[in-house]
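Written out below as structure tokens is the structure these notes cover.
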Amino acid sequence: MTDLAEMKRFLSQYDGPELRIMEICGSHTAAIAKSGIKTLLSPKIRLISGPGCPVCVTPTAYVDRAIALAKREDTCLVTFGDLIRVPGSAETLSAAKGAGARVEMVYAPADVVAMAKTEPEKQFVFAAIGFETTMPVYALLMEELLREEVKNVRLLTALKTMPAAVSYLLDSGADLQGFLAPGHVCAVTGSEAFVPLAEKYGIPFAVAGFEGEELLAALYGLLRMQGKGTVKNFYPTVVTAEGNPKAKAMIERYFQPTDAAWRGLGIIPGSGMCLRPAYAAFDAGSSDLTEDHQHNPACRCGQVLTGKLAPTDCPLFGKICTPLTPQGACMVSEEGSCHTAIRYA
Amino acid sequence: MEKIEMIHGSGGQATSDLIREVFVKEFWNGYLAQMNDAAVVAGGAELALTTDSFVVKPLFFQDGDIGRLAVAGTVNDLLMRGAVPEYMTVGFILEEGLPISDLKKIVHSMAKTAEEAGILIVAGDTKVVDGNGGLYINTTGVGFVPAGMEISPARIEKGDVVLVSGNLGDHHAAILSSRMSIENEIASDCAPLNDIVRSLINEGIPVHAMRDITRGGIATVCKEMAVQSGKAMLLSEELLPVNPQVKDFCALTGLDPLYMGNEGKMICILPEESAEKALSIMKKAHYGENACRIGKILRFEEEEELQIAPDIGELFLKTAIGGLRKLSVLQGEGLPRIC
């Protein structure tokens, strides 16, 4: 095992061809900024943030629908914190809440079951967004709803799968020489989920953890793997090749692949998951939410999410778009690349 | 009556009964006992004045409550300017439905904390509003500043050392644990810091600046001091003290101890040559046992080495793996109110 000092020396003195490496996951973007890794890398190694923040890739049509539901007299919209500040085409959930719509924030989806039992006459809609990491939680919620025979909870889903998005980026000609593969997603899917991509495009993937040293080890690995279409697991304490079969089975029981709309990217075939037809009664109308009107036409979220522009290249960045006045979703989420870029500037 | 009702805010008999039975009983002193419109107190040369409002929910948490918080918060603000806390006022806004037993517990806790901090509550007010059993407190604190005492970020010098009085993020983690119904042993650090500050001053430590670490966390407080002083401050991630349970809590919730609030911790900036003596004094003082050195104000040669422009009023963090990162004040909402 190469020691930390040697890895740091190698990464800071690298003088080969310029390498563009994408961290797909929003938690990696935040961890990279937090640990100051960029100040330890040779200028020839560039880290590019990818589309792996679930809040950031949720299209405006979804936000608009969530707002419309929250405004209904008989309905309560339940969500995790970040989503309430994402701009829809006209307003945010937070603004709608201020104007009297019922929006509740919870820490775990299961909390909605208790709420639904207390107010059986109300409809509760859970804003179910997320990647493979969060899907098992929604599957557990479905299981609980069925077991407890709770009829007044439905899901508004915008669930996405990471390998499909990576495949889309590479097909659309993104100039990248390696990927830091998302540690938490791989804990569910297994590192093997990225093997077909690595082989097809001849690009290395390093599954990485979230501590500074783990990220350095994965980056060092990617430099050593240049030119090889392989996947290597640098997060073996959490990730295995095959992932978590129980979680995968749970997801499969309730959800099936579907086309999904990504903010700024459009519709990517097979890149989402939706409730299976047998559970259609639990769906709050998720299937037609494909439109993506930008709140501010100058917002460059789409290009930022695909690594074509850095956050600082957007004309709004840091001027009218700040964490207090976000114009696009990348500035809202704690793990969005624009929010991270401003916070750790 | 067992609960607060609108009549308790009427200004009539019910109000004065409440004041006598709940407040005067606990806060009694010669000034307050006069029950006048304003307290006339013995004065000093220079006065330090501060005001603060407390709206924390829940009202009771692990190792503290809103009453202790209100007194400690007010006292600490005075102490940070080198003042000796002397008097404070307390305004209560009570919501209908508040159990009087809860109010009594909170008032008792305030009285105990005020006694501990050596401050007299000399005036108060109570209002009752519609609502659902909530309680809010507004305070004003008055302290005397000893002649020649000048403690402020303007006095920070290059080469100064940055000390912290103990572990980061405890209060924030305790409040959030309670709100999220997470069971753990994380306790609020809410406490008056008189002993630490008085000990430093009495032992003749030439303190340049002090701040208590409240909302926004240590990063926000240090960044503000860096800006006010126009100097570059460098903190070392490896040296930041965080209780292992709080560390786990942060891993679970995605919170960053750099941006989490305390209510009984302070930063102290002073010349390098006094640092060791100051640390041993802090460690011996009440609530200072985990005090440690966490950073410094950069000298010219250190700014050059790190390629930082001189005197830019910025805060930097040397990360555990040796990276360098600029720290800003807390951006956005952070999290729900914690004080």
Which answer fits A33(A), side chain, backbone, both or neither, if we ask what part of it has an atom under 4.5 Å from a heavy atom of chain B?
backbone
Backbone of K34(A) reached by a side-chain donor or acceptor of R325(B) within 3.5 Å:
yes
Between the main-chain N or O of G261(B) and the side-chain N or O of H172(B), is there a donor-acceptor pair closer than 3.5 Å?
yes
Check whether L215(A) gets within reach of chain B through its side chain, its backbone, both or neither, counting any heavy atom under 4.5 Å.
neither
Does a side-chain N-to-carboxylate-O contact under 4.0 Å join E314(B) and K223(B)?
yes
If we define contacts as heavy-atom pairs under 4.5 Å, which of L317(B), T319(B), I321(B) has the most with chain A?
I321(B)
Please determine if D15(A) and K44(A) form a salt bridge, counting it only when a charged side-chain N lies under 4.0 Å from a carboxylate O.
yes
Considering only heavy atoms and a distance below 4.5 Å, find which of L4(A), L216(A), L40(A), I37(A) pairs most often with chain B.
L40(A)
